[in-house]
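Positions are given from 1 along the sequence. All values derive from a computational prediction rather than experimental measurement.
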Amino acid sequence: GSARWTEDFAENWKILADNYLEDYHVPVAHPTLVRLVDVKETVGDNNDWCEWSRVPYRTRPRRDPREREYQSLIRRMPGMPEEFENAMGHVCIWPTTFFEIYPHHIDMWQLEPTGLLRTRATTMTLVHPDEGEQDRRARELMRELNVDIMGQDVDITTRVQRGVQAPSYHSGILNDEQEFSVIRFQ
C-alpha cells in the first residue's frame, strides 16, 4: 500500500536538499533524532548519481513515551535487507529524489522547484502489503516524531533562505569531507 501528499515551501529547492544531505546540524537541531539513532555510527557512500547512508537505532529505552513505544515496535518488514534489522537509511538520487528507509516502511519524496523561492515536496509512503498492526503503529509514531523533526528543519531552512538573500551574504568554501553532497550543486 501507499499514501501520497504534497507540501509547499517558501525556500529554494537547493536549500531544502542541502539541509537533508548534510548531517552536522543533526546533533544540535534534532534532539529526538539523536535520542533514537546513533549518528556517530552512520555509514554511507556516494557516487556519480546517488548518495546513501545507514544509521543504527539506539537500544537503550528512551524516557519520552512515544520514543519508547516506537523503540519497542521496531522490526524489519518482510523483504527488507538484514542491514535494516535495527537501522534506518537514507538515499538521495541526484538531485531531487530522496528515500527515508525505515525497517517498517519507506518514505520517498521529490523536490520540484515551482519558482526561484518556492518548492513543492511530494511524498509517498510505501508499506508492505502484509503490514501488521505493529508495523502500522510504528509508522504512525515515526510520522508523529517526524512532524517535530520537520518543524525544526523548516525553521532552519527558513532562516538560511533569509540569510542567503541578505545583502551582506557571501558564499564561503564548502568542507569537502562533510559537504561532499552539497558540493555537487556548485
Side-chain angles (χ1 to χ4, degrees), residues 1-37 39 42 44-55 66 70 88-102 104-127 139-186:
S2 67
R4 182 184 185 112
W5 68 94
T6 61
E7 295 177 83
D8 291 312
F9 296 94
E11 289 86 33
N12 181 282
W13 71 272
K14 290 182 179 181
I15 289 173
L16 298 175
D18 175 23
N19 184 73
Y20 180 81
L21 291 170
E22 58 81 5
D23 287 338
Y24 52 78
H25 78 279
V26 171
V28 295
H30 300 307
T32 298
L33 198 53
V34 170
R35 288 190 300 268
L36 286 175
V37 298
V39 293
T42 301
D45 204 354
N46 70 84
N47 59 36
D48 290 339
W49 63 275
C50 77
E51 170 188 298
W52 68 269
S53 65
R54 188 176 64 249
V55 58
R66 288 185 312 171
Y70 177 72
M88 62 183 287
H90 310 278
V91 176
C92 171
I93 300 173
W94 311 113
T96 62
T97 302
F98 306 87
F99 296 86
E100 297 267 336
I101 304 168
Y102 302 98
H104 38 75
H105 79 280
I106 298 171
D107 283 338
M108 187 281 296
W109 51 283
Q110 190 163 34
L111 298 176
E112 174 191 357
T114 56
L116 180 61
L117 304 177
R118 306 271 328 145
T119 303
R120 173 165 292 139
T122 301
T123 303
M124 183 184 304
T125 296
L126 307 170
V127 300
R139 183 169 40 87
E140 287 175 357
L141 284 166
M142 180 47 67
R143 177 85 57 235
E144 290 175 19
L145 296 169
N146 274 337
V147 165
D148 296 340
I149 294 165
M150 185 62 159
Q152 295 155 353
D153 280 334
V154 167
D155 185 49
I156 292 168
T157 58
T158 299
R159 291 176 183 199
V160 169
Q161 183 68 61
R162 209 173 323 146
V164 298
Q165 290 178 272
S168 59
Y169 173 77
H170 298 286
S171 63
I173 297 171
L174 295 173
N175 179 318
D176 62 354
E177 288 181 20
Q178 294 186 349
E179 298 178 300
F180 57 86
S181 299
V182 180
I183 289 172
R184 292 183 183 277
F185 294 139
Q186 302 302 311

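Scanning all heavy atoms of the two residues, the minimum distance from Leu21 to Cys92 falls at CD2-CB, 3.7 Å. For the residue pair Asp153 and His30, the shortest heavy atom distance occurs at OD1-NE2, 2.8 Å. In plain terms, the two heavy atoms of Ala29 and Gln152 that are nearest each other are O-OE1, 3.0 Å. The two residues Asn46 and Trp94 make their nearest non-hydrogen contact at CB-CZ2, 4.5 Å. Of all the heavy atoms in Phe99 and Thr97, the pair that sits closest is CE1-CG2, 3.9 Å. Taking each heavy atom of Leu111 and Ala17 in turn, the nearest pair found is CD1-N, 3.9 Å.
Considering CE of Met108 and CZ of Phe98, their distance stands at 11.5 Å, rounded to 0.5 Å. The CD atom of Glu144 sits 12.0 Å away from atom OH of Tyr70, with the distance rounded to the nearest 0.5 Å. Atom CH2 of Trp13 is separated from atom CG of Leu116 by 12.0 Å, given to the nearest 0.5 angstrom. Here CD1 of Ile15 is found 13.0 Å from CZ of Phe9. Values are rounded to the nearest 0.5 Å. Taken to the nearest 0.5 Å, the OG1 atom of Thr157 stands 7.5 Å off from the CE atom of Met150.
In this structure, Arg118 and Asp8 have side chains that are in contact, with non-hydrogen atoms separated by less than 4.5 Å. The shortest distance between side-chain heavy atoms of Thr125 and Arg143 falls below 4.5 Å. The closest side-chain heavy-atom distance from Met142 to His105 is below 4.5 Å. Residues Asp107 and Tyr102 are in side-chain contact: their nearest non-hydrogen atoms beyond the backbone lie under 4.5 Å apart.
Scored by the side-chain hydrogen bond (donor to acceptor under 3.5 Å, both in side chains) test, Arg139 finds Glu131 as partners (sequence neighbours excluded).
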Could you please spell out the steps behind the side-chain contact (heavy atoms from CB on, under 4.5 Å) verdict for Glu7 and Arg120? CA-CA 6 Å; Glu7 295 177 83; Arg120 173 165 292 139; over 6 Å; no
Check against side-chain contact (heavy atoms from CB on, under 4.5 Å), Leu145 and Leu36: CA-CA 10 Å; Leu145 296 169; Leu36 286 175; 3.7 Å; yes
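The backbone N or O of Gly44 sits nowhere less than 3.5 Å from a side-chain atom of Ser53 that would complete a donor-acceptor pair. Looking at Asn146, its side chain never comes within 3.5 Å of a backbone N or O of Ile149 through a donor-acceptor pair. With Thr42 contributing its side chain and Val39 its backbone, the two residues share a donor-acceptor pair below 3.5 Å. For Thr123 (side chain) and Trp109 (main-chain N/O), no donor-acceptor pair under 3.5 Å exists by modelled atom type.
For Arg159, the CZ atom sits in a loose shell: 12 or fewer heavy atoms of surrounding residues, nucleotides or ligands are nearer than 6.0 Å.
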Using a 3.5 Å cut-off and no angle test, enumerate the donor-acceptor pairs between side-chain atoms of residues 161-168 and protein atoms at least two apart in sequence or in another chain.
residue	atom	partner	partner atom	Å
Gln161	OE1	Asn12	N	2.8

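With 3.5 Å as the limit, one finds no donor-acceptor pair spanning the side chains of Thr32 and Arg66.
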